[in-house]
A.B. asks: 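Sharing a structure below in structure tokens format, with a few things to ask.
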Amino acid sequence: MKANEIADYFVDRTTFAMGLSDNIRRMLLTPDRQLQVKIVLERDNGEVVTFTGFRVQHSNARGPYKGGLRYHPLVDRDEAQGLASLMTWKTALVDIPYGGGKGGIDCEAASLTPRELEILTRKFVRAVGSVIGPYDDIPAPDMNTNARVMAWIMDEYAKIYGFNPAVVTGKPVDLFGSLGREEATGQGVFLTTEAFLQERGMEMSRIRLAIQGFGNVGSWAAHFFHRAGAKIVAVSDVRGAIYNPEGIDVVALREHVRRYGAILGFEGGDAMPGDGLLTCDCDVLIPAAMGGVVTRDIARGIRARVIVEAANAPVLPEAEDFLTDKGVIVLPDILVNAGGVTVSYYEWVQNIQQLRWTPAQILEGLTSKMREAYGRVSALSREKGVTLREAAYIIAIGRVAKAVTLRGAY
Ligand code: GLU
């Protein structure tokens, strides 16, 4: 199932359950704009390669389109469309004044040199520049893009349209970026899980976690859980996984990954095949890498009682119903990983107001946003007897549908 089918499935199901009209449902499902561009790159060795880039703008009913750019071979129009739709619901759920967008380039980022990546990024900005802007569409980091890439976007955009750092978020702190943005998604994952555990009277120190993915989101999430006393028993990246029932030393692992670029070779745990992580013995499973990893087959083997969707769309709908029947609780992506875009919003506000928030202001803002969103989702789920995902979608779709209706269709 592709990302657009997953997103549409949840929207379809929720609009039906909410009794919204077919007219509104179609308006919510159809993206506003899909742009596909060709980017030609002369590689360092003289070879000329052609890449395809995308920017999908799903909805701007509640504010400018907002969402990341990923550099990955699986990037295509369908994926960008599905992830753009998720951004619309995510920004609505945490109630920040944005819509949803997403994009990227179909490429193997690791095989490109820094110079090639810079040229590719700048050419992408030239190709999509006319549809992005501080009040139109604001890109941000996602898979295989980072603050450095955002700096190139800011700089290239400035050359064509004039200086305006609010055109992109997730920039380096030394170049109009915000304190706390780098760790925000992982921190949001932690804050949501913490709110969930507290509500159920479960102690953080008794929780055994498994985290799939040790990129920006997974490694920061691991840091916050470790600091709060949780036991991280398993961690994986694209090259493999480790398991340690006594708990992995996350500080040492982060240092190892910083130095060697992978978990491979870390001695503080037993090596196991990467695909064993999802079904390992743990209480809370955190998929923080790719979408679509929890299939129905995998779901059968899952031993965790709680799944925290740190990645976008890791649990397929076919698996979700099965898990719910089994009593496994899924904390949904549009809630769990909304911390990144929330601090992106704070970065944008700081850029527009030309001031800098303190770390305490960022933390306070992020914590209250995540707790409030969790509280609303949890309360509605209890009130209506629906899953946390269904509750999250009801809130998000309700807000967007209201904005669409108020704006009118004339
Ligand atoms: N790429 C992140 C996401 O999927 C962050 C988006 C943003 O900061 O705009 O939520």
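All values below come from the heavy atoms of this structure, side chains included, with hydrogens, waters and symmetry mates left out.
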A.B. asks: Report the distance from atom CE of Met1 to atom CD of Glu318, rounding to the nearest 0.5 Å.
C.D. replies: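 Those atoms lie 8.0 Å apart.
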A.B. asks: Test your reading of the model: is there a side-chain donor-acceptor pair from Thr145 to the backbone of Asp142, 3.5 Å cut-off?
C.D. replies: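 Side chain of Thr145 to backbone of Asp142: a pair is present.
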A.B. asks: Output all residues satisfying side chain to side chain contact (heavy atoms under 4.5 Å, CB included) with Asp325, sequence neighbours left out; order by chain, then residue number.
C.D. replies: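 Listed in chain order: nothing, the list is empty.
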A.B. asks: Would you say Glu116's side chain and Thr113's backbone share a donor-acceptor pair under 3.5 angstrom?
C.D. replies: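 Flag set: sc Glu116 to bb Thr113 pair under 3.5 Å.
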A.B. asks: If we ignore hydrogens and angles and just use 3.5 Å, is the side chain of Asp249 paired with the main-chain N or O of Ala252 as donor and acceptor?
C.D. replies: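 Between the backbone of Ala252 and the side chain of Asp249 there is a qualifying donor-acceptor contact (under 3.5 Å).
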A.B. asks: When you measure from the side chain of Asp283 to the backbone of Arg208, do you find a donor-acceptor pair of N or O atoms at a distance under 3.5 Å?
C.D. replies: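 At least one qualifying donor-acceptor pair exists.
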A.B. asks: Under a 4.0 Å threshold between the charged nitrogen and the carboxylate oxygen, would Glu203 count as salt-bridged to Arg206?
C.D. replies: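 Salt bridge absent between Arg206 and Glu203.
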A.B. asks: A side-chain contact here means heavy atoms from C-beta on lying under 4.5 Å apart; do Leu28 and Thr15 qualify?
C.D. replies: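 Sidechains of Thr15 and Leu28: in contact.
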A.B. asks: Going through the distances and angles, do Arg181 and Ser344 end up as a side-chain hydrogen bond (donor to acceptor under 3.5 Å, both in side chains)?
C.D. replies: CA-CA 7 Å; Arg181 175 61 186 87; Ser344 273; 2.9 Å; yes
A.B. asks: Using the side-chain hydrogen bond (donor to acceptor under 3.5 Å, both in side chains) rule, collect all pairs that involve residues 368-379, keeping only residues at least two apart or in two chains.
C.D. replies: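 Sorted result for residues 368-379: Glu194-Arg371, Glu199-Tyr374, Glu199-Ser378, Glu372-Arg376, Ser378-Arg382.
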A.B. asks: Of all heavy-atom pairs between Gly100 and Tyr65, which one has the smallest distance, and what is that distance?
C.D. replies: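 Scanning both residues, the minimum pair turns out to be O-CD2, 3.4 Å.
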A.B. asks: Kindly compute the distance separating CD1 (Ile39) from CD1 (Ile119), expressed to the nearest 0.5 Å.
C.D. replies: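 That separation rounds to 12.0 Å.
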A.B. asks: Return yes if some donor-acceptor pair links the side-chain N/O of Lys123 with the main-chain N/O of Leu41 below 3.5 Å, else return no.
C.D. replies: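 A pair under 3.5 Å: no.
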A.B. asks: Before giving the answer on side-chain contact (heavy atoms from CB on, under 4.5 Å), spell out for Asn216 and Glu183 the whole-Å C-alpha distance, their side-chain angles and the decisive distance to 0.1 Å.
C.D. replies: CA-CA 7 Å; Asn216 173 282; Glu183 60 267 43; over 6 Å; no
A.B. asks: For the residue pair Ile138 and Ile132, establish whether any side-chain heavy-atom pair is separated by less than 4.5 Å.
C.D. replies: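 A side-chain contact under 4.5 Å is absent here.
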A.B. asks: Taking side chain to side chain contact (heavy atoms under 4.5 Å, CB included) as the test, write out the residues that go with Asn4, two or more places apart.
C.D. replies: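 Per chain and number, Asn4 pairs via side chain to side chain contact (heavy atoms under 4.5 Å, CB included) with Lys2, Asp78, Gln81.
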A.B. asks: Do Arg227 and Val250 touch side chain to side chain, with heavy atoms closer than 4.5 Å?
C.D. replies: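 In short, these two side chains do not touch, never coming nearer than 4.5 Å.
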A.B. asks: In a check of side chain to side chain contact (heavy atoms under 4.5 Å, CB included) between Tyr71 and each of Asn144, Leu112, Asp106, which one passes?
C.D. replies: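 So the option named by the test is Asn144.
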A.B. asks: Answer yes or no: is there a donor N or O on one side and an acceptor on the other, between the side chain of Asp76 and the main chain of Glu79, under 3.5 Å?
C.D. replies: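 Confirmed, Asp76 side chain pairs with Glu79 backbone.
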A.B. asks: Kindly list each side-chain donor-acceptor pair under 3.5 angstrom involving residues 89-96, sequence neighbours excluded, with atom names and distances?
C.D. replies:
unit_1 : atom_1 : unit_2 : atom_2 : d
Trp89  : NE1    : Ser85  : O      : 3.0
Trp89  : NE1    : Ser85  : OG     : 2.9
Lys90  : NZ     : Asn312 : OD1    : 3.1
Lys90  : NZ     : Asn337 : OD1    : 2.8
Thr91  : OG1    : Met87  : O      : 3.0
Thr91  : OG1    : Thr88  : O      : 3.2
Thr91  : OG1    : Tyr98  : O      : 3.2
Thr91  : OG1    : Gly99  : O      : 3.2
Asp95  : OD1    : Arg62  : NH2    : 2.7

A.B. asks: Side chains of residues 302-310: which donor-acceptor partners sit under 3.5 Å, not counting sequence neighbours?
C.D. replies:
unit_1 : atom_1 : unit_2 : atom_2 : d
Arg303 : NE     : Thr279 : O      : 3.1
Arg303 : NH2    : Thr279 : O      : 3.4
Arg305 : NH2    : Lys326 : O      : 3.3
Glu309 : OE1    : Asp333 : N      : 2.8
Glu309 : OE1    : Arg389 : NH1    : 2.9
Glu309 : OE1    : Arg389 : NH2    : 3.1
Glu309 : OE2    : Val315 : N      : 3.1
Glu309 : OE2    : Arg389 : NH2    : 3.1

A.B. asks: Please step through salt bridge (Lys or Arg N to Asp or Glu O under 4.0 Å) for the pair Arg13 and Asp321, ending with a clear verdict.
C.D. replies: CA-CA 13 Å; Arg13 196 158 130 160; Asp321 290 341; 3.5 Å; yes
A.B. asks: From Gln212 CD over to Cys280 SG, what is the distance, rounded to the nearest 0.5 angstrom?
C.D. replies: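 That separation rounds to 10.5 Å.
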A.B. asks: List the steps and the verdict of side-chain hydrogen bond (donor to acceptor under 3.5 Å, both in side chains) for Gln57 and Asp137.
C.D. replies: CA-CA 8 Å; Gln57 300 176 331; Asp137 183 354; 2.9 Å; yes
A.B. asks: For the pair Thr121 (side chain) and Trp152 (backbone), establish whether a donor and an acceptor sit closer than 3.5 Å, ignoring hydrogens and angles.
C.D. replies: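 Looks like no, no N/O pair under 3.5 Å.
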A.B. asks: Can you tell me if CD on Gln198 sees more than 12 non-hydrogen neighbours from other groups inside 6.0 Å?
C.D. replies: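 Yes.
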A.B. asks: Specify the closest pair of heavy atoms between Leu35 and Ala127, including all atoms of both residues, with the distance to one decimal.
C.D. replies: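 So the minimum-distance heavy-atom pair works out to CD2-O, 4.3 Å.
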A.B. asks: Taking all heavy atoms of Ala241 and all of Ser236, pick out the closest pair and write down the distance.
C.D. replies: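 Shortest heavy-atom separation between Ala241 and Ser236 comes out as CB-CB, 3.5 Å.
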A.B. asks: Could you state the interatomic distance from CD (Glu118) to CZ (Arg122), rounded to the nearest 0.5 Å?
C.D. replies: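 Glu118 atom CD to Arg122 atom CZ measures 4.5 Å (nearest 0.5 Å).
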A.B. asks: Heavy-atom distance under 4.5 Å between the side chains of Val125 and Tyr161, does that happen here?
C.D. replies: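 With C-beta onward as the side chain, the pair stays apart.
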A.B. asks: Return the NZ to CE distance between Lys231 and Met204, rounded to the nearest 0.5 Å.
C.D. replies: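 Separation between the atoms: 14.5 Å.
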A.B. asks: With under 30° as parallel and over 60° as perpendicular, where do the rings of Tyr260 and His256 fit, or are they tilted in between?
C.D. replies: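 Tilted.
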A.B. asks: Between side-chain atoms of residues 170-179 and protein atoms elsewhere (two or more places apart, or another chain), which donor-acceptor pairs fall under 3.5 Å?
C.D. replies:
unit_1 : atom_1 : unit_2 : atom_2 : d
Lys171 : NZ     : Pro165 : O      : 2.9
Lys171 : NZ     : Val168 : O      : 2.5
Lys171 : NZ     : Glu347 : OE2    : 2.7
Lys171 : NZ     : Asn351 : OD1    : 2.7
Ser178 : OG     : Gln350 : NE2    : 3.0

A.B. asks: So which atom in Phe124 and which in Phe54 form the shortest heavy-atom distance, rounded to 0.1 Å?
C.D. replies: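 Closest approach of Phe124 to Phe54, heavy atoms only: CZ-O, 3.5 Å.
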A.B. asks: Side chain of Asp237, backbone of Gly213: donor and acceptor closer than 3.5 Å?
C.D. replies: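 Looks like no, no N/O pair under 3.5 Å.
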A.B. asks: Looking only at atom types and distance, does a side-chain atom of Arg239 sit under 3.5 Å from a main-chain N or O of Ile263, one as donor and one as acceptor?
C.D. replies: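 Looks like no, no N/O pair under 3.5 Å.
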A.B. asks: Quick check: do Thr193 and Phe225 have side-chain heavy atoms less than 4.5 Å from each other?
C.D. replies: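 Thr193 reaches Phe225 side chain to side chain.
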A.B. asks: Which heavy atom of Leu209 sits nearest a heavy atom of Ala230, and at what distance?
C.D. replies: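 Minimum heavy-atom separation between Leu209 and Ala230: CD1-CB, 3.8 Å.
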A.B. asks: Atom CD in Glu320, atom CG in Leu316: separation rounded to 0.5 Å?
C.D. replies: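 Between atom CD of Glu320 and atom CG of Leu316 there are 10.0 Å.
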A.B. asks: Between Gly186 and Trp220, what is the shortest heavy-atom contact and its length?
C.D. replies: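 Shortest heavy-atom contact: CA-CB, 4.1 Å.
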A.B. asks: Compare all side-chain heavy atoms of Arg33 with those of Arg55 and state whether any distance is below 4.5 angstrom.
C.D. replies: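 Of all side-chain heavy-atom pairs linking Arg55 with Arg33, none is under 4.5 Å.
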A.B. asks: Do Phe190 and His226 have side chains that approach each other closer than 4.5 Å (heavy atoms only, starting at C-beta)?
C.D. replies: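 No. Closest side-chain heavy atoms not under 4.5 Å.
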A.B. asks: Are side-chain heavy atoms of Val75 and Ile105 found at a separation under 4.5 Å?
C.D. replies: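 Val75 does not reach Ile105 side chain to side chain.
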A.B. asks: For side-chain hydrogen bond (donor to acceptor under 3.5 Å, both in side chains), just list the numbers for Thr169 and Lys66, CA-CA rounded to whole Å, side-chain angles, deciding distance to a tenth of an Å, and then say yes or no.
C.D. replies: CA-CA 9 Å; Thr169 59; Lys66 184 83 190 84; 2.9 Å; yes
A.B. asks: Report yes or no: does Glu390 contribute a side-chain atom to a donor-acceptor pair with the main-chain N or O of Thr387 at less than 3.5 Å?
C.D. replies: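 Here the side-chain-to-backbone pair exists.
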